[in-house]
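Structure first, then comments.
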Amino acid sequence: MRQAIAKRKENLEKIESFKADFYSRGLIRIKDAPEKILGQEVGDLGGGLDSTRSGIIYLSETISKIQFLQPDKLKEKITASKVSGDDNGFSFNSALDVDYNFYNNTVEFGNQIVSPIANNAFTYYKYKLEGIFYDDRGNLINKINVIPKRKNDPVFSGSIYIVEDQWTIYALELDITGVQARIPAADLITLKQSFSYSEKDNIWPIISQSIDFKYGFFGIKGDGRFTAVYSNYEFNLPLTRKDFGRELVAFENEANKKDSLYW
């Protein structure tokens with residue numbers, strides 16, 4: 001972990017800029033919904049509840065083109081969007097919503113959460129080697145258990161996978177509570193990321209991400225999952241700040257009117 005922390009900034013700066021395709025899918029379920037909340041009838045939420053008062057209350061899909069420039073410029077053009085229901089504040093639909101880069105010292109996840117490979121990570125975490133394995137390219141991968149020193153600190157817990165010698169992130173599976181993330185309705189949030197080696201560019205970009213959560217408020221309980229896939233990367237292009245401007249998210253014409261054949 002000391003090696004990964006020492007190489008954090010170098011690995012962060014390997015990707016100066018990129019363009020990519022982005023796809024996300026979101027799903028939120030409700031379980032055993034009460035008949036009333038604060039004296040008000042809940043109903044069947046527009047037909048979303050079955051006889052057990054459970055069901056899907058939110059469903060979304062998004063396809064977009066994204067571009068990024070260090071240190072923090074991210075622009076997204078949504079080419080297709082389909083949304084049904086209300087996300088109730090759990091917004092993980094767009095690339096901007098789920099831009100979690102653990103090579104930064106902190107990750108903005110409701111609160112500013114300390115990365116397990118932050119410069120000051122040893123102040124917040126303990127680590128334990130859980131095991132090792134080789135990937136299909138023969139890289140030795142270390143599975144490290146990430147253990148918070150204090151449970152109410154803005155920290156994650158779980159596992160991070162580090163590539164031996166390159167000291168890059170191979171994958172991560174990290175949990176955070178709603179209290180730590182300052183998302184009161186959430187009980188537990190699990191974030192998973194997977195990375196893939198680009199031989200041409202000698203870097204490990206993120207290729208997939210999932211966010212699973214359980215929530216509860218006013219007697220309503222449920223869970224959800226948002227998944228994201230990144231593809232067709234082009235790295236270190238001659239982008240400048242002029243390529244971004246004030247508009248961070250834009251919709252193509254008819255983006256929200258794609259038919260079922262498109263999806």
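The model shown is predicted, which means the values in this text are computed figures rather than measured ones. The analysis underlying the following values was restricted to heavy atoms, covering all of them including side chains, and did not include hydrogens, waters or symmetry mates.
Looking at Thr62, its side chain never comes within 3.5 Å of a backbone N or O of Tyr23 through a donor-acceptor pair. Counting only distance, with no hydrogens or angles, the side chain of Tyr125 and the backbone of Val114 share a donor-acceptor pair below 3.5 Å. Between the side chain of Gln70 and the main chain of Leu12, a donor-acceptor pair closer than 3.5 Å is present. A donor-acceptor contact shorter than 3.5 Å is absent between the side chain of Asn11 and the backbone of Arg8. The backbone N or O of Glu16 lies less than 3.5 Å from a partner atom in the side chain of Asn236, making a donor-acceptor pair. Within the 3.5 Å criterion, the main-chain N or O of Asp135 finds no donor-acceptor partner in the side chain of Asn139.
Once rounded to the nearest 0.5 Å, the distance linking CG of Asp212 with OG1 of Thr227 reads 9.0 Å. Rounded to the nearest 0.5 angstrom, Asp187 CG and Lys214 NZ are separated by 8.5 Å. With rounding to the nearest 0.5 angstrom, the CG atom of Leu96 is 6.0 Å from the CG atom of Leu248. Atom OH of residue Tyr170 and atom OH of residue Tyr197 lie 14.0 Å apart, to the nearest 0.5 angstrom. Distance CD/Glu173 to OG/Ser194: 8.0 Å, rounded to 0.5 Å. Note that OG of Ser64 and CD1 of Ile78 are 5.5 Å apart. Values are rounded to the nearest 0.5 Å.
A donor atom on one side chain and an acceptor atom on the other are found under 3.5 Å apart for Glu130 and Ser159. Between the side chains of Glu252 and Thr79, no donor-acceptor pair of N or O atoms lies under 3.5 Å. The closest side-chain donor-acceptor pair between Asn105 and Ser115, if any, does not fall under 3.5 angstrom. Side-chain N/O atoms of Ser94 and Asp97 include a donor and acceptor closer than 3.5 Å. In the model, Trp204 has a side-chain atom that pairs as donor or acceptor with a side-chain atom of Gln166 under 3.5 Å. Using modelled atom types, one finds no donor on one side chain facing an acceptor on the other under 3.5 Å when comparing Glu108 with Tyr100.
Leu27 has its side chain out of reach of Phe226: every pair of non-hydrogen atoms, C-beta onward, lies at least 4.5 Å apart. In this structure, the side chains of Leu129 and Asn142 come closer than 4.5 Å at one or more pairs of heavy atoms. Asp223 places a side-chain heavy atom less than 4.5 Å from the side chain of Lys31. Considering only heavy atoms from C-beta on, Lys126 stays 4.5 Å or farther from Asn145 through its side chain. In this structure, the side chains of Phe195 and Gln193 come closer than 4.5 Å at one or more pairs of heavy atoms. With contacts defined as side-chain heavy-atom distances shorter than 4.5 Å, the pair Phe102/Ile169 qualifies. With a 4.5 Å cut-off on side-chain heavy atoms, Phe109 and Ile189 count as touching. Residues Phe18 and Tyr230 have side chains not in contact (no heavy-atom distance under 4.5 Å, counting atoms from C-beta outward).
Between Tyr127 and Phe122, a ring centre-to-centre spacing shorter than 6.0 Å is recorded. Taking the six-membered ring for Trp and the full ring otherwise, Phe68 and Phe235 have centroids separated by 6.0 Å or more.
Atom NZ of Lys65 sits in a sparse spot, with 12 or fewer heavy atoms from other residues, nucleotides or ligands closer than 6.0 Å. For Lys258, the NZ atom is densely surrounded, since the number of other residues' heavy atoms within 6.0 Å is greater than 12. Few gaps surround CG on Asn202; more than 12 heavy atoms of other groups in view lie less than 6.0 Å from it.
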| task | Check the pair Leu69, Arg241 against side chain to side chain contact (heavy atoms under 4.5 Å, CB included), reporting the backbone distance first and the verdict last. | result | CA-CA 8 Å; Leu69 178 67; Arg241 298 178 73 86; 4.1 Å; yes

| query | After noting the C-alpha distance and the side-chain angles of Glu76 and Phe22, does the key distance pass the side chain to side chain contact (heavy atoms under 4.5 Å, CB included) rule? | reply | CA-CA 9 Å; Glu76 179 171 15; Phe22 175 82; 3.9 Å; yes

| Yes or no on side chain to side chain contact (heavy atoms under 4.5 Å, CB included) for Tyr103 and Lys9, after CA distance, side-chain angles and deciding distance? | CA-CA 7 Å; Tyr103 289 110; Lys9 191 169 185 292; over 6 Å; no

| Chi angles and distances behind the side chain to side chain contact (heavy atoms under 4.5 Å, CB included) call for Ile162, Gln3 | CA-CA 10 Å; Ile162 300 295; Gln3 294 275 18; over 6 Å; no

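No continuous path of hydrophobic side-chain contacts links Leu237 to Ile15 [ILVMFWY only; heavy atoms under 4.5 Å]. Ile176 and Leu188 fall into different hydrophobic clusters, where Ile, Leu, Val, Met, Phe, Trp and Tyr are joined by side-chain heavy atoms under 4.5 Å apart, directly or via other members. Linking ILVMFWY residues whenever their side-chain heavy atoms come closer than 4.5 Å, directly or via other members, leaves Met1 and Ile147 in distinct clusters. A continuous path of hydrophobic side-chain contacts links Leu74 to Leu191 [ILVMFWY only; heavy atoms under 4.5 Å]. Transitive grouping of hydrophobic side chains (ILVMFWY, heavy atoms separated by less than 4.5 Å) brings Ile141 and Leu172 into a common cluster.
A salt bridge links Lys82 with Glu61: at least one charged nitrogen is closer than 4.0 Å to a carboxylate oxygen. Electrostatic pairing of Lys75 and Asp243 does not count as a salt bridge here, judged by no charged N lying under 4.0 Å from a carboxylate O.
Annotation for Ser198 and Asp201: closest pair OG-OD2, 3.0 Å, computed over non-hydrogen atoms. Ser196 and Pro205 make their closest contact through O-CD, 2.8 Å (heavy atoms, listed as atom of the first residue, atom of the second, distance). Smallest separation of non-hydrogen atoms from Leu174 and Pro116: CD1-CG, 4.0 Å. Across all non-hydrogen atoms, the minimal contact from Phe251 to Ser81 is CE2-CB, 4.2 Å.
Residues that satisfy the side chain to side chain donor-acceptor pair (under 3.5 Å) test with Arg182, not counting sequence neighbours, are absent from this structure. Judged as a side chain to side chain donor-acceptor pair (under 3.5 Å), and not counting sequence neighbours, the contacts of Thr177 are Gln180.
Ring geometry for Phe213 against Tyr215 counts as tilted: the plane angle lies between 30° and 60°, on a 0 to 90° scale.
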